[in-house]
Protein chains: 2
Amino acid sequence: MSETVSDALGEPAPDSFADGMDAERAPTRSLSVADRIRASILSGDFEPGARLHEVRLSERLGVSRTPVRSALQSLASEGLLEYAPNRGYSVRRFLTSEIVDAYEIRTMLESLAARLAAERGLTDAERAVIEGALADGDAILAKAELEEADRIGYGAVNFAFHDTIHAASRCRMLGDMIRMCQSVPQSSHRNVVSFEYLEVRRRHEDHHRIYDAILLRDAYRAEMLMREHVASVKTGLVRSISGRAPRSRR
Amino acid sequence: MSETVSDALGEPAPDSFADGMDAERAPTRSLSVADRIRASILSGDFEPGARLHEVRLSERLGVSRTPVRSALQSLASEGLLEYAPNRGYSVRRFLTSEIVDAYEIRTMLESLAARLAAERGLTDAERAVIEGALADGDAILAKAELEEADRIGYGAVNFAFHDTIHAASRCRMLGDMIRMCQSVPQSSHRNVVSFEYLEVRRRHEDHHRIYDAILLRDAYRAEMLMREHVASVKTGLVRSISGRAPRSRR
DNA sequence: ACCGCAAAAATTGCGTACAATCCGAGCGTC
DNA sequence: GACGCTCGGATTGTACGCAATTTTTGCGGT
């Protein structure tokens, strides 16, 4: 059993691209268009390095170039696209080294979030969410084997756990940066991390310990546990990339 | 003797706002306008929370609303402005806690950069730059007292040192994120950090040790030294904010 | 006076036309 | 045949006008 790395530590799922039926909950076309293009890229509709022509996108999406340009600029600032003046936007090409590096960064940021959460404490609501997530995870793992539905369920549990800690850090910039790390597409869904029962169980145990440390306001332990927790996912990713060490960069 | 925190670890200096004489080296109006508005904000031309009206800016800058809108969006993604759909952009208000938090984040990121630099090694050019910066710093500190020019000179030395390590991390996202931390305006140049001779000397000694660790490929030591190096600046900032502990948040 | 509501003003969002720039094909020269 | 140049098409950058939304203003009721 294995799943994409993205689920290993929790991540929102994209939806389809050119569905004109899009509910368009977004308050403005620019934002809506950005969401749709982002989802399209993350679902692999464009080759890495492909140019994104403003007119074609605007025709395909049924809007003018203006909101498309705005959306492209947003996506570039998110790191999903590259921009060259007078030469437009293209899908950013991620080297495997960049994907691994994103986990290095995320390791530092998530461990900081855990430390800050421990230092600053949790609200009642946050405690409730985490305890719910831990209980749900316990339930899923009570069975000795994981089905597809369990993996999806655990992904949600996992996301709730981490997301709540980000919130508990009371530091918006930190959450934003972690989001940027998560938005690095995992090499077009090609890189998978080992997702065996024991791996999940171990990560879930980590969650329990991290929560304990935060509750006890043990900032140092919370930081170190979270650091190891995320770093282990990186290690698994590196290993799965093909058993050999992360290849030289550039 | 003291200087703004921004110089304590190196940061580019902004230039004036509406100087139409602006060389406009930027390849496009949008980028040029973004630079000018950014400089204007960082130099304190706008109150925190102030709305930025597109038409007024476009008139003041002598361009149409289109590049202004593009520039505002860029600045918002940099974290300098806040955006609300249909309600425009306003200068982001930074709580002192957010400024301190930015240093917390930067501590983690810079220490990671130092570790990666140690793991991955320096190019000849990078070694040369750092050794030059260290030598220049030695020269400045040979005198037992610092004049204004020395402080400016040391700021440049300091910037070169850190910037080269960021580059040596071979991790673009890391550099980008550190830049975001640096772009948090230090509470309108009001927060200053102790900048006495001994403080600078100590930081310069840190630089020497960090460089040694990187040269020796001692990743752990490089990380820890850099962590303490940046954290000490944060501590100084917190102390200078008024001698009392960082006040409770929210 | 205070509150709610409606119309007007101000401001942002979007569409479209035009200008500037970039890229490649074709041609001429060496 | 290779190199450089010019020209044409394609694409992005900018200006401007109108539509949509928000905010302010003004009025009537209580």
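Bear in mind the structure is a predicted one, so any value in this text is a computation, not a measurement. Proteins come first, then strands; the chains are lettered A, B, ... in the order of their sequence lines, and each starts at number 1.
Rounded to an integer number of Å, the gap from A/Glu59 CD to D/dT11 P is 10 Å. When rounded to the nearest whole Å, the span between CD of B/Glu54 and C1' of D/dA15 equals 14 Å. When the P atom of C/dC22 is taken as reference, atom CZ of A/Arg51 falls 12 Å away, rounded to whole Å. One atom, CZ of A/Arg65, and another, C1' of C/dC18, lie 11 Å apart when rounded to the nearest Å. Remark: C1' of C/dT12 and CD of B/Gln73 are 13 Å apart, rounded to the nearest angstrom. Nucleotide C/dT12 holds its C1' atom 13 Å from the CG atom of B/Leu57, rounded to whole Å. We find that CZ of A/Arg69 is positioned 16 Å from P of C/dG13, with the value rounded to whole Å. Atom OH in A/Tyr83 sits about 13 Å away from atom P in C/dT21, given to the nearest Å.
Listed candidates were C/dG13, D/dA15, D/dG13. Nearest to the side chain of B/Ser64 is D/dA15. Among the nucleotides C/dG15, D/dT22, C/dC22, the one closest to the side chain of A/Val63 is C/dG15. Closest approach to the A/Arg29 side chain among C/dG15, C/dT11, D/dT23 is made by C/dG15 (side chain taken as heavy atoms from C-beta onward). Nearest nucleotide to the side chain of A/Thr66, out of C/dT11, C/dT16, D/dT14: C/dT16. In the set C/dC23, D/dG13, D/dT11, D/dT11 carries the atom at the smallest distance from any side-chain atom of A/His53. With D/dT14, C/dT21, C/dC14 as the candidates, the nucleotide lying closest to the side chain of A/Ser30 is C/dC14.
For the residue pair B/His166 and B/Glu110, a side-chain donor N or O sits within less than 3.5 Å of a side-chain acceptor on the partner.
Under the 3.5 Å distance criterion, the side-chain polar atoms of A/Arg92 are matched with a main-chain donor or acceptor of A/Gly79. Side-chain N or O atoms of B/Ser40 include none that pairs as donor or acceptor with a backbone N or O of B/Arg36 at under 3.5 Å.
One finds the CZ atom of B/Arg120 at 12.5 Å from the CD1 atom of B/Ile214 (value rounded to the nearest 0.5 Å).
By the 4.5 Å heavy-atom criterion applied to side chains, B/Leu81 and B/Ser90 are not counted as neighbours.
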